[in-house]
Amino acid sequence: MLITLDQGSFLSALQAAQRASSTQSTLPILSGIKIQAEKDGDLEIYGTDLEISVKSKCPARVEKPGSTVLPGRLLVDIVKHMPPGAIEIKTEEKANNIEIKSEKSSFKIKGMQPEDFPAFPDVEAKQKITVDVRQLTDMLKGTAKAISKDETRPVLTGALLQEEDKSLLMVATDSYRLAVKTVPMRTKKTENTSLLIPQRAIEEIQKLLINESGKIDITSDENLMAIKTANIELISRLIEGQFPKYKQLVPKETTTSAEVNKDELIAAVKRVALMAQKNMSIKVSTDSSSINIVATTQGVGEASERVKAKITGEKMGEIAFNAQFLIDGLQAISEEKALFEFTGPVNPGLIKSIKKKDYLYLLMPIRIS
Amino acid sequence: MLKGREKTIIHLDMDAYFASVEQRDHPIYQGRPVLVCHTDSVDGVFGVVAAASYEARPFGVKSGMSVFEAKKLCPKGIYLMGDYNKYLHNTKELVKICESFTDQVEVFSIDEMWLDVTETKNRFKEDAGRIAYRLQTEVKRKLGLSSSIGVGPNKLVAKMAGEFHKPGGITVIRPSDLPQILAPLPVKKLFGVGRKMKKHLDLIGVATIGDLAEVPEEYLKKRFGVVGLWLKQAAKGLGDGVLASGRGSTSLMVKSFGHSSALGSGEADIDKLCQILLGLCEGVTRRMRRGKYLGRTVTLRLRLARSFGFTRGHTLSGVSDMIETIYPVARALLLKEQPVLVEYPATLIGVSVSNLLFAEKQLSIFDLFDDRFVRLTTAVDNVKDKYGDRLITRAALLDWRRRYHGVEPSRLHKP
């Protein structure tokens with residue numbers, strides 16, 4: 001193999017692939033990145049940990065085609081530290097030694113056998129969801145934080161992407177809060193697709209979409225999903241299992257409803273939470289015209305703050321929430337005002353968007369006695 | 001340590017604590033052997049002695065002994081049920097006294113604490129022995145209780161010093177006297193060296209703390225790892241001088257809930273062990289719910305025939321006070337040990353829940369799906385609170401209490 005390419009575009013393509021590669025696998029080959037140069041084509045770069053796989057492309061002048069696998073972290077570091085400009089990559093076919101050269105510097109590193117590298121998975125496009133990139137980004141942003149990190153309940157370690165009549169939903173829960181973001185779809189589907197996408201893939205898709213616009217396709221079969229931009233293709237395994245039937249959890253009616261300026265409430269919760277040193281627990285109550293927040297840590301002190309709100313319904317006594325969970329929910333609202341609803345101290349609280357009615361965040365309280 | 005920077009640590013240990021509190025509150029018990037027991041009823045023979053007054057000690061009664069044994073040795077003793085709320089309240093008062101001497105107080109247990117009086121000593125140019133004497137007098141005057149005090153350059157030495165003159169003594173060990181005082185003592189006296197460690201040390205011919213100080217550090221490290229390094233330091237009288245002080249009274253908080261059951265000569269039947277474990281979990285979770293605690297770490301304790309015991313633990317993803325969560329974890333831990341149990345039947349089984357959170361539980365959406373267990377447990381707890389613990393029980397536990405409530409009843413009547 002003998003190729004020449006640009007440092008900047010090589011680095012960004014490498015980084016995309018390296019994020020998919022594994023740092024702590026028992027299979028050493030998974031820590032590697034495969035680069036493959038075909039005659040008259042772009043350089044293809046692959047990374048995988050067997051859960052997600054990324055293929056990125058980078059324009060290159062291929063003089064001699066070939067392929068090799070290089071230690072991922074090291075390769076990224078080398079390319080990152082090279083000066084902008086042309087980089088030449090050359091392999092000595094026999095010993096699998098790779099030489100990476102810029103104008104002044106030269107690195108020789110040992111490669112791994114490209115035959116050992118897992119093949120890039122093939123997704124049969126049995127189902128296809130087409131969605132606006134901006135809408136998809138909103139969905140990911142609104143739900144990503146609610147995804148569970150606890151491996152004991154695997155179905156909660158991903159977000160559910162579901163078509164439903166004329167809308168597309170993304171739902172995630174870590175069992176303490178549940179976030180649902182809905183976007184309208186133009187066409188009514190006959191078959192409703194439902195995918196459970198792992199947290200890592202959600203994170204990668206977010207990064208993938210940063211500079212994208214327009215429409216994007218998500219294709220899937222029983223086990224895998226794929227999403228593709230001009231230069232990067234990401235394939236992820238789907239999580240097996242049944243996502244909790246969350247709809248029955250959302251209370252149809254609540255007794256107290258508070259319309260509040262989102263940013264004011266977030267700022268107040270952040271301030272008061274400084275005094276919630278154990279467990280991040282803050283107590284919320286309402287009177288006729290405001291939401292009151294209190295936090296106390298025994299032996300340290302307490303804080304309280306009133307936030308003006310339009311209250312309808314009954315007066316809410318005291319309900320305790322995890323301050324961070326509350327902030328996460330409020331931050332996902334894109335409008336200026338939010339609706340904060342409760343029923344009782346052990347019933348879930350709800351945070352909703354008012355105008356678009358496209359976001360719902362259900363927050364389980366902390367039981368205090 | 002920089003010169004002039006030596007720390008002065010006081011170790012305060014209450015003499016026959018629970019028994020002394022009872023003697024103070026019931027003057028009629030004074031001068032008589034008092035045994036505070038950890039049991040359901042003092043008329044029975046179940047349970048263990050939690051504290052024995054100094055009058056009871058000549059009979060050979062020690063804390064940790066079963067009530068059955070104690071009654072054989074000291075039949076005329078006054079056997080009382082422990083009133084732990086009273087002792088805890090008393091300890092809180094004790095902590096307050098200590099905190100009037102220094103803000104650096106580490107509460108080690110209900111009747112032992114360390115005080116870092118370095119500042120007190122330097123500021124007021126007061127001799128450490130005098131501070132100790134003032135502390136002891138203050139405790140006697142305010143609480144009417146006797147205590148033993150050790151003073152040393154670190155926690156370790158202070159604690160060991162306290163052991164020299166009991167009850168009611170004060171022992172000051174100055175850094176310069178350390179080698180002469182420590183070296184002749186048997187290693188067992190070294191705080192932190194238990195029965196097992198003593199066995200290991202016996203094997204390598206180490207009998208006294210002086211011997212231990214002579215063993216090359218590399219050897220100890222190779223043999224005992226980090227503990228080895230600690231041993232070497234400890235034998236030279238070098239210890240950690242930093243107190244886990246924080247708020248004195250908050251460190252008095254409950255750290256774990258545990259129940260255990262002795263199994264006589266040994267039990268290998270896994271089904272029976274699971275049944276006993278279920279009963280123990282029931283007791284533990286009920287006490288947790290009553291105290292409004294939730295726990296995260298479940299620990300299974302097993303002692304196998306020939307006295308070899310160990311623990312196995314598991315940490316849950318969330319906190320719980322429900323037997324439906326705690327028992328399956330404890331059971332899974334037990335089942336993993338099944339191969340060992342075949343060869344070495346269990347002579348003791350216990351379960352404890354630690355990593356506690358008080359009075360606050362983050363509810364989960366799964367509580368909304370099915371709260372039948374919670375409602376059932378609350379109902380059963382209410383029945384038990386009103387009519388007593390034995391009125392309602394799990395079917396799986398029907399023959400459990402008869403079998404294993406301390407010692408098998410059949411053995412009790414024919415000692």
Side-chain angles (χ1 to χ4, degrees), chain A residues 146 148-157 171-180 242-251 276-283 295-300 319-326 343-350 361-369, chain B residues 92 95-96 99 103 105 107 244-254 288-298 314-322 324-326 328-329 332 355-375 377-378 381-382 385:
Chain A
S148 171
K149 288 174 186 68
D150 184 355
E151 298 290 332
T152 53
R153 263 193 238 264
V155 287
L156 303 188
T157 59
V171 191
T173 179
D174 60 3
S175 87
Y176 305 123
R177 63 260 177 81
L178 174 106
V180 186
Q242 185 70 46
F243 196 77
K245 293 199 169 56
Y246 64 91
K247 280 198 178 149
Q248 63 190 81
L249 300 177
V250 182
Q277 301 193 339
K278 232 181 111 191
N279 222 9
M280 281 294 271
S281 129
I282 56 162
K283 286 178 201 153
T296 317
T297 302
Q298 234 178 11
V300 182
I319 180 166
F321 292 112
N322 176 304
Q324 190 56 54
F325 292 173
L326 181 54
T343 299
V346 291
N347 299 80
L350 294 178
Y361 188 80
L362 179 145
L363 177 55
M364 291 303 293
I366 294 170
R367 190 185 70 202
I368 40 178
S369 32
Chain B
K92 283 182 183 155
V95 174
K96 274 188 206 157
E99 283 177 340
D103 60 339
V105 178
V107 181
S245 59
R247 307 291 309 158
S249 36
T250 48
S251 42
L252 259 183
M253 292 215 304
V254 183
M288 290 175 68
R289 288 191 297 273
R290 198 183 264 167
K292 296 197 168 69
Y293 282 95
L294 293 138
R296 196 165 179 161
T297 304
V298 181
H314 179 81
T315 299
L316 303 162
S317 61
V319 287
S320 174
D321 59 358
M322 296 288 290
E324 283 77 16
T325 330
I326 306 289
V329 175
N355 220 333
L356 300 177
L357 205 63
F358 179 64
E360 289 192 346
K361 184 192 181 191
Q362 168 71 59
L363 298 175
S364 128
I365 57 167
F366 295 101
D367 296 330
L368 297 176
F369 276 121
D370 188 356
D371 61 347
R372 284 178 304 170
F373 279 131
V374 178
R375 294 203 329 250
T377 308
T378 315
D381 280 352
N382 288 342
D385 285 345

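Throughout, a chain's letter reflects where its sequence line sits, starting with A, and its residues are numbered from 1.
A:Leu362 has its side chain within reach of A:Pro251: a pair of non-hydrogen atoms, C-beta onward, lies under 4.5 Å apart. Residues A:Tyr246 and A:Thr173 form no side-chain contact, since every pair of their non-hydrogen atoms from C-beta on lies 4.5 Å or further apart. Contact check for A:Val155 versus A:Gln242: no side-chain heavy atoms found under the 4.5 Å cut-off.
To the nearest 0.5 Å, the span separating CG on A:Leu350 from OG1 on A:Thr343 amounts to 7.5 Å. Between the CG atom in B:Leu316 and the OG1 atom in B:Thr325 there is a gap of 7.0 Å [rounded to 0.5 Å].
In this structure, the portions of A:Pro365 lying under 4.5 Å from any heavy atom of chain B include both its backbone and its side chain. At a 4.5 Å heavy-atom cutoff, the contact between A:Phe325 and chain B is made by side-chain atoms alone. For A:Leu156, the part sitting under 4.5 Å from any heavy atom of chain B is the side chain, from C-beta outward, and nothing else. When heavy atoms are compared at a cutoff of 4.5 Å, A:Arg153 approaches chain B solely by way of its side chain, counted from C-beta outward.
Your options are A:Leu249, A:Val346, A:Asp150, A:Asn322, and the one with the most heavy-atom pairs under 4.5 Å with chain B is A:Leu249.
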